[in-house]
Amino acid sequence: MRKVIIIGSGPAGYTAAIYAARANLSPLVVASSVEAGGELMNTTEVENFPGFPEGVMGPDLMAKMQEQAEKFGAEVVYDDVVSLDVSGDVKTVTLGRGVTHEAEAIVFATGSAPRKIGIEGETRLSGRGVSYCATCDGFFFREKVIAVVGGGDSAMEEATFLTKFASKVYVIHRRDELRASKIMQDRAQANEKIEFVWNSEVIDVLGEDAVTGVRLRDTVDGSERDLALDGVFVAIGYDPRTHLVHNVLDITEHGTVWVDGRTSKTSVEGVFAAGDVIDPTYRQAVTAAGSGTVAALDLEHYLAARGDAGAPAQDAAVIDDRPDAEADAA
């Protein structure tokens with residue numbers, strides 16, 4: 001039986017793994033069979049993660065986090081969790097290949113998934129012109145006319161990135177102003193390939209075997225019109241991946257896993273949660289990483305209280321990370 005299993009391999013999961021591994025807890029990280037590394041694997045340049053003044057590619061950042069976790073003794077498996085039993089002192093995790101693992105503690109850090117518009121044409125043409133990942137699929141739209149649906153930072157990043165391939169990129173937004181940060185707005189608005197379609201919502205995606213356009217409804221006067229396109233990239237936000245723990249852990253009104261205040265403690269003893277799956281507000285790589293730290297320290301205290309942690313828990317970890325603490329105290 002293991003001390004801890006970490007479900008998820010984004011910034012929260014790998015940061016928790018780094019801390020747990022350094023505490024000699026030998027964590028098992030279940031990284032997913034198809035989505036290992038989390039949403040940053042679908043991100044181009046990350047400019048706001050501390051320590052990278054020139055920016056860093058999302059996949060490169062996640063590869064470094066994984067390497068660091070493995071350096072200290074974390075084990076990573078590429079599989080998907082299909083069921084959890086956390087009802088007793090021993091937690092059981094069943095993977096897609098039928099393998100079962102037991103642990104004394106669980107860190108649930110499954111992140112979030114792209115939100116869908118929720119219309120028939122979107123589902124029918126997913127993968128045939130409808131995409132949720134510019135870095136994954138942008139190459140296939142060279143010299144094509146495409147649209148990005150959304151008005152936040154993710155939408156602006158996707159639109160700007162897609163101008164490397166597409167001949168024209170429409171940004172379709174429900175309102176007459178963007179939610180994105182000013183720097184992201186300015187960057188998109190200065191790009192001559194990007195045209196904004198304001199006060200418009202997509203009510204259908206057109207095409208039989210591939211996307212040929214979208215049907216738009218004006219959010220002001222209700223009128224409808226068609227816009228010819230070769231592809232649609234949906235960037236309207238994310239929903240926490242909580243399907244594994246419905247009716248297992250308490251869920252907030254925002255759909256995130258409930259945790260006790262600023263801790264990572266869920267409604268079930270020995271189960272901790274971190275990252276976007278508990279955060280409906282900030283959803284940044286750096287806040288997810290900080291959340292993973294909290295989860296690791298909380299589980300170290302939990303195991304220490306049980307008398308079976310691999311090393312002294314939170315106090316030792318904090319002192320270790322703050323080499324000048326004793327001098328400051330003196």
Side-chain angles (χ1 to χ4, degrees), residues 34-35 39-45 57-59 112-239:
V34 295
E35 296 174 328
E39 290 304 315
L40 280 185
M41 297 298 288
N42 301 326
T43 303
T44 53
E45 191 171 25
M57 298 299 288
S112 55
R115 186 173 299 151
K116 296 185 178 181
I117 300 171
I119 51 180
E120 186 275 334
E122 173 191 24
T123 301
R124 179 169 50 84
L125 294 171
S126 179
R128 293 186 288 174
V130 174
S131 175
Y132 304 88
C133 176
T135 55
C136 306
D137 300 328
F139 177 83
F140 300 108
F141 293 88
R142 288 187 177 276
E143 299 305 316
K144 302 291 187 180
V145 177
I146 58 179
V148 173
V149 182
D153 278 357
S154 295
M156 296 308 102
E157 181 182 17
E158 298 254 302
T160 302
F161 176 77
L162 288 167
T163 60
K164 297 179 180 180
F165 307 102
S167 59
K168 186 174 189 63
V169 178
Y170 291 100
V171 173
I172 301 171
H173 188 43
R174 293 173 54 87
R175 289 175 281 276
D176 60 359
E177 60 182 6
L178 300 170
R179 303 187 315 274
S181 60
K182 188 175 187 305
I183 188 171
M184 298 299 289
Q185 291 189 43
D186 292 345
R187 190 174 297 171
Q189 290 170 342
N191 194 309
E192 61 183 13
K193 284 189 175 182
I194 296 177
E195 180 178 333
F196 290 85
V197 181
W198 303 108
N199 297 318
S200 299
E201 61 180 347
V202 177
I203 59 173
D204 199 6
V205 180
L206 309 176
E208 292 297 325
D209 298 319
V211 170
T212 59
V214 293
R215 181 156 297 149
L216 303 176
R217 177 186 293 137
D218 191 295
T219 58
V220 177
D221 61 24
S223 62
E224 297 181 7
R225 68 183 179 97
D226 292 349
L227 178 65
L229 297 169
D230 300 302
V232 181
F233 287 78
V234 180
I236 56 175
Y238 293 83
D239 292 314

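Basis for what follows: all heavy atoms, side chains included, without hydrogens, waters or symmetry-related copies.
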Trainee: Determine yes or no for a side-chain-to-main-chain donor-acceptor pair under 3.5 angstrom, with K144 supplying the side chain and D230 the backbone.
Mentor: no
Trainee: So, for A155 and G151, which heavy atoms are closest and what is the spacing to 0.1 Å?
Mentor: CB-N, 3.8 Å
Trainee: Evaluate the side-chain contact (heavy atoms from CB on, under 4.5 Å) criterion for residues V211 and V130: first the C-alpha distance (whole Å), next the side-chain angles of each, then the deciding distance (0.1 Å), finally the verdict.
Mentor: CA-CA 7 Å; V211 170; V130 174; 3.8 Å; yes
Trainee: So which heavy atom on S181 is nearest to which on D153, and how close?
Mentor: N-OD1, 2.6 Å
Trainee: Does a sphere of radius 6.0 Å around CD1 in I183 hold more than 12 heavy atoms from other residues, nucleotides or ligands, not counting ones at 6.0 Å or beyond?
Mentor: no
Trainee: Would you check if F233 and V169 make a side-chain contact, meaning some heavy-atom pair closer than 4.5 Å?
Mentor: no
Trainee: Checking E201 now: which residues fulfil side chain to side chain donor-acceptor pair (under 3.5 Å) with it, not counting sequence neighbours?
Mentor: R174, R217
Trainee: Is there a side-chain contact between M184 and L178 (heavy atoms, below 4.5 Å)?
Mentor: no
Trainee: Could you report the tightest heavy-atom contact between L229 and A147, atom names first, then the distance?
Mentor: CD1-CB, 3.5 Å
Trainee: Looking at side-chain heavy atoms only, is the closest gap between K116 and Y132 below 4.5 Å?
Mentor: yes
Trainee: Is E120 atom CD crowded by more than 12 heavy atoms from other residues, nucleotides or ligands, each under 6.0 Å away?
Mentor: yes
Trainee: Go through it in stages, so that I can follow the logic: the residues are L162 and F141, the test is side-chain contact (heavy atoms from CB on, under 4.5 Å), and I'd like the CA-CA distance, side-chain angles, deciding distance and then a yes or no.
Mentor: CA-CA 8 Å; L162 288 167; F141 293 88; 5.7 Å; no
Trainee: Is any side-chain heavy atom of R115 closer than 4.5 Å to one of Y238?
Mentor: no
Trainee: Please find the pair of heavy atoms, one from V205 and one from R124, that lie closest to each other, and give the distance.
Mentor: O-NH2, 3.8 Å
Trainee: Which atom names give the shortest non-hydrogen contact between H173 and G150, and what distance separates them?
Mentor: ND1-C, 3.8 Å
Trainee: Quick check: does any side chain N or O of E122 sit under 3.5 Å from a backbone N or O of G118, one acting as donor and the other as acceptor?
Mentor: yes
Trainee: Is the side chain of N199 donor-acceptor paired with the backbone N or O of D176 at a distance under 3.5 Å, no angle test?
Mentor: yes
Trainee: Check whether F161 forms a cation-pi arrangement with K164 (NZ or CZ under 6.0 Å from the six-membered ring centre, at most 45° off the ring normal).
Mentor: no
Trainee: Can you name the nearest heavy-atom pair linking A159 to V171, along with the distance?
Mentor: CB-CG2, 3.7 Å
Trainee: What residues, two or more places apart in sequence or in another chain, satisfy ring-ring contact (aromatic ring centres under 6.0 Å, His included) together with F196?
Mentor: W198
Trainee: Does K168, at its NZ atom, have more than 12 non-hydrogen atoms belonging to other residues, nucleotides or ligands within less than 6.0 Å?
Mentor: yes
Trainee: Would a 4.5 Å heavy-atom cut-off, applied to side chains only, mark R128 and D209 as touching?
Mentor: yes
Trainee: Within a strict 4.5 Å, meaning less than it, do heavy atoms of the T160 and I194 side chains meet?
Mentor: yes
Trainee: Can you confirm whether E224 sits close enough to R215 that some side-chain heavy atom of one is under 4.5 Å from a side-chain heavy atom of the other?
Mentor: yes
Trainee: Does a side-chain heavy-atom distance below 4.5 Å link V202 with L216?
Mentor: yes
Trainee: Look up atom CG in D186 and atom CG in N191, then write down how far apart they are to the nearest 0.5 Å.
Mentor: 12.5 Å
Trainee: Hey, mind stepping through E177 and Q185 against side-chain contact (heavy atoms from CB on, under 4.5 Å) and telling me if it holds?
Mentor: CA-CA 10 Å; E177 60 182 6; Q185 291 189 43; over 6 Å; no
